[in-house]
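Notes follow once the structure below has been shown.
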Amino acid sequence: MKRVIVGLSGGVDSSVAAYLLKEQGYEVIGLFMKNWHDDSVTISNECPWLDDSNDAMLVADKLGIPFQTIDLSEQYKERIVDYMFNEYEKGRTPNPDVLCNREIKFDVFMKIAVELGADYVATGHYCRKGILHKDGKDIYQLLKGVDDNKDQSYFLCQLSQEQLAKSLFPIGELTKPQVREIATKLDLVTAEKKDSQGLCFIGKVKLPDFLQQQLKPKEGIIVEVPKENIIYNKNIPTFDSKQEELRYLTQKIDYHLEDGAIVGKHQGAHYFTKGQRKGLAVGGTAEPLFVIETNVDANVIYTGQGKEHPGLYKKALFVTNDELHWIREDLALNIDETMQVMARIRYRQPLQKATLYKVDSGLYVEFDQPQSAITEGQFVAWYLDDELVGSGVIS
């Protein structure tokens, strides 16, 4: 009998995942990961880990499976929290959920599971795993969840073949309403529980408070750049090569104070991210202001009015070789090769048509349509049909 260790988070998805595995005849063990200690920055009582671990325990009890809590807060601090502070300091915007899966659930947690004699680790993610046989060996595929509305493949975009080999996603074939229905029939305590928001495993954290622990407030100015500014109407040069054109398309606009008017103050450019609208506290504009660029060195935020502001849009992005990741290593592009894909630059974004171009130093992703708020530090993921084949950090 194969042994599976399920990461029970105290939510409905992982509860039903555990039940389904038991039904399929696996020996199932539930583990709750405690990743956070500092209650001072969680929004009180919203979803403290205590309630979650309690719910996870009640579910395990109901399903008749062994249960234990493991404390991974040290590894979490090291691999996720410190990384986040570091990225924000550089003016990049990290995605803790993607990292959490790569570094914690499918690495630290998986190693613990293997030590406990597990054949597989399972989670309550809405995605599916496929297996192909190619040149005499198994190749694992990461496929979208059946529920388009809930597909979470993006969060797993950094997994490797070794990690996928040992992973199971029992609810990937179901929709959220079906999952809730199963939980209700089983009378699980998590059946009606709301989906958790906030940082993965920390609960509802106020991000600025969280960042302020490490990143000291530093007053700076907010500049509004009008959409009519000449910088948006430059003539596009002629290019000698596709690579030259791509280099041009991915360039950041170099903003200066004289490109706009000072409209307010902020408490630190490192707290803000491209495309952000909340938290600027500048009123009196015809349309809401959006962050179009942050300069953490000069501590200046550049903004523009309305979500159609030209400063928000770009057609291409670049991923350096050391931040480029192929789940399907067999499909990795060689220099000068291209691939037509569907890609997204954030979790909820509908997939966009794009072309990948492999060059010496990394990979360009050129979209058919300009994309809003391409943000350094976030992950771009690309798909062929239903399959997520690769991803990278936007540089």
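- Salt bridge annotation for E27-R3: present, with a cationic side-chain nitrogen under 4.0 angstrom from a carboxylate oxygen.
- Looking at R102 and D107, no side-chain N of the basic residue comes within less than 4.0 Å of a carboxylate O on the acidic one, giving no salt bridge.
- Applying the side-chain contact (heavy atoms from CB on, under 4.5 Å) rule to D82 yields the partners K77; only residues at least two apart in sequence or on another chain are considered.
- Using a 4.0 Å cut-off between a side-chain N of Lys or Arg and a carboxylate O of Asp or Glu, E115 and K111 do not qualify as a salt bridge.
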Show the numbers, then the answer: is there a side chain to side chain contact (heavy atoms under 4.5 Å, CB included) between I104 and N35? CA-CA 9 Å; I104 303 290; N35 288 354; 3.9 Å; yes

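- Residue pairs meeting the ring-ring contact (aromatic ring centres under 6.0 Å, His included) criterion with at least one member in residues 136-180, sequence neighbours excluded, are F155-Y347.
- Each of I221, L257, I253 was checked for a side-chain contact (heavy atoms from CB on, under 4.5 Å) with Y302, and the lone residue meeting it is L257.
- When all heavy atoms of Q75 and V108 are compared, the closest pair comes out as NE2-CG1, 3.6 Å.
- Under the rule for a side chain to side chain donor-acceptor pair (under 3.5 Å), K307 has no partner lying at least two apart in sequence or in another chain.
- For H270 (side chain) and V296 (main-chain N/O), no donor-acceptor pair under 3.5 Å exists by modelled atom type.
- For the residue pair K358 / N321, a side-chain donor-acceptor distance below 3.5 Å is found, with atom types taken as modelled.
- Under the 4.5 Å side-chain criterion, counting only non-hydrogen atoms from C-beta, E103 is in contact with I80.
- In summary, E376 and K90 do not engage in a salt bridge, as defined by a charged side-chain N under 4.0 Å from a carboxylate O.
- Between the side chains of S153 and Y126, no donor-acceptor pair is found at a separation under 3.5 Å.
- The number of heavy atoms from other shown groups lying within 6.0 Å of NZ (K278) does not exceed 12.
- Within a 6.0 Å sphere centred on CD1 of I230, heavy atoms belonging to other residues, nucleotides or ligands number 12 at most.
- Salt bridge absent: K144 and D385 never bring a charged side-chain N and a carboxylate O closer than 4.0 Å.
- Interatomic distance, CG of L351 versus CE of M342, reported as 5.5 Å (0.5 Å rounding).
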What verdict does the side chain to side chain contact (heavy atoms under 4.5 Å, CB included) test give for M110 and K166, after you've listed the backbone C-alpha separation in whole Å, the side-chain angles of each residue and the deciding distance to 0.1 Å? CA-CA 8 Å; M110 192 171 256; K166 288 193 170 349; 3.7 Å; yes

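- Taking a 6.0 Å sphere around CD of E74, one finds it holds 12 or fewer heavy atoms contributed by other residues, nucleotides or ligands.
- Evaluation of the salt bridge (charged side-chain N to carboxylate O under 4.0 Å, His left out) rule for K227 yields E287 as partners, not counting sequence neighbours.
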What do the steps show when you test Y271 against H266 for side chain to side chain contact (heavy atoms under 4.5 Å, CB included), and what is the final call? CA-CA 9 Å; Y271 300 138; H266 62 79; over 6 Å; no

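- Residues Q305 and E224 have side chains that bring a donor and an acceptor to within less than 3.5 angstrom of each other.
- Between A373 and G275 the shortest heavy-atom distance is CB-CA, 3.8 Å.
- Here the closest non-hydrogen pair linking N229 and D259 is ND2-O, 2.9 Å.
- A tilted orientation is assigned to the rings of F239 and Y248, their planes being inclined by 30° to 60°.
- By the criterion of side-chain heavy atoms lying less than 4.5 angstrom apart, applied directly or through intervening Ile, Leu, Val, Met, Phe, Trp or Tyr residues, I5 is grouped together with L164 in one hydrophobic cluster.
- Considering CD of E78 and CG of L72, their distance stands at 12.0 Å, rounded to 0.5 Å.
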Worked verdict on T190 versus S15 for side-chain hydrogen bond (donor to acceptor under 3.5 Å, both in side chains): CA-CA 7 Å; T190 53; S15 307; 3.0 Å; yes

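- Separating the CG atom in L21 from the OH atom in Y26 is a distance of 7.0 Å, to the nearest 0.5 Å.
- Closest approach of V4 to V121, counting heavy atoms only: CG1-C, 4.3 Å.
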Between L363 and L333, is a side chain to side chain contact (heavy atoms under 4.5 Å, CB included) present by the stated rule, with each step listed? CA-CA 9 Å; L363 178 96; L333 294 177; 4.0 Å; yes

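- Between the E323 side chain and the T320 main chain, no donor and acceptor come within less than 3.5 Å of each other.
- Ion pairing between K242 and E245 holds under the 4.0 Å rule for side-chain N and carboxylate O.
- Using a cut-off of 4.0 Å between Lys/Arg side-chain N and Asp/Glu carboxylate O, D368 and K315 are scored as not salt-bridged.
- No donor-acceptor pair under 3.5 Å is formed between the side chain of N299 and the backbone N or O of N295.
- Between I327 and L156, the closest side-chain pair of non-hydrogen atoms is not below 4.5 Å.
- Every residue two or more places apart in sequence or in another chain that forms a side chain to side chain donor-acceptor pair (under 3.5 Å) with Q349 is listed here: Q371.
- One finds the CG atom of L8 at 8.0 Å from the CG atom of L63 (value rounded to the nearest 0.5 Å).
- For the pair I29 and V6, the minimum side-chain heavy-atom distance is 4.5 Å or more.
- Under a cut-off of 6.0 angstrom, the local environment of CD in E219 is crowded, with over 12 non-hydrogen atoms contributed by other residues, nucleotides or ligands.
- Using a cutoff of 4.0 Å between basic side-chain nitrogens and carboxylate oxygens, D386 and R128 are scored as salt-bridged.
- Between K314 and E293 no salt bridge is recorded (no basic side-chain N to carboxylate O distance below 4.0 Å).
- Taking OG of S372 as the reference point, atom OH of Y313 lies at 4.5 Å (rounded to 0.5 Å).
- Residues meeting the side chain to side chain donor-acceptor pair (under 3.5 Å) test with T273, sequence neighbours left out: T93.
- When every heavy atom of E173 is checked against every heavy atom of Q178, the shortest pair comes out as O-OE1, 4.3 Å.
- Checked by atom type and distance alone, the side chain of T375 never pairs as donor or acceptor with a backbone atom of Q378 at under 3.5 Å.
- Between D55 and K193, at least one side-chain nitrogen of the basic residue sits less than 4.0 Å from a carboxylate oxygen of the acidic one, meeting the salt-bridge criterion.
- When atom types are taken as modelled, the side chain of S9 and the backbone of G11 share a donor-acceptor pair closer than 3.5 angstrom.
- The aromatic rings of H309 and Y232 lie perpendicular to each other, with more than 60° between the two planes, well past the 30° mark.
- Inter-residue side-chain proximity for V263 and L289 is flagged as met; some heavy-atom pair is nearer than 4.5 Å.
- Between Y88 and P94, the shortest heavy-atom contact is CE1-CD, 3.5 Å.
- Electrostatic pairing of K34 and D52 does not count as a salt bridge here, judged by no charged N lying under 4.0 Å from a carboxylate O.
- Partner of D330 under the side-chain contact (heavy atoms from CB on, under 4.5 Å) criterion, chosen from V389, L132, I139: I139.
- In this structure, CE in M33 is found 8.5 Å from CD1 in I112, a value given to the nearest 0.5 Å.
- Without hydrogens or angle criteria, K176 side chain to R180 main chain gives no donor-acceptor distance under 3.5 Å.
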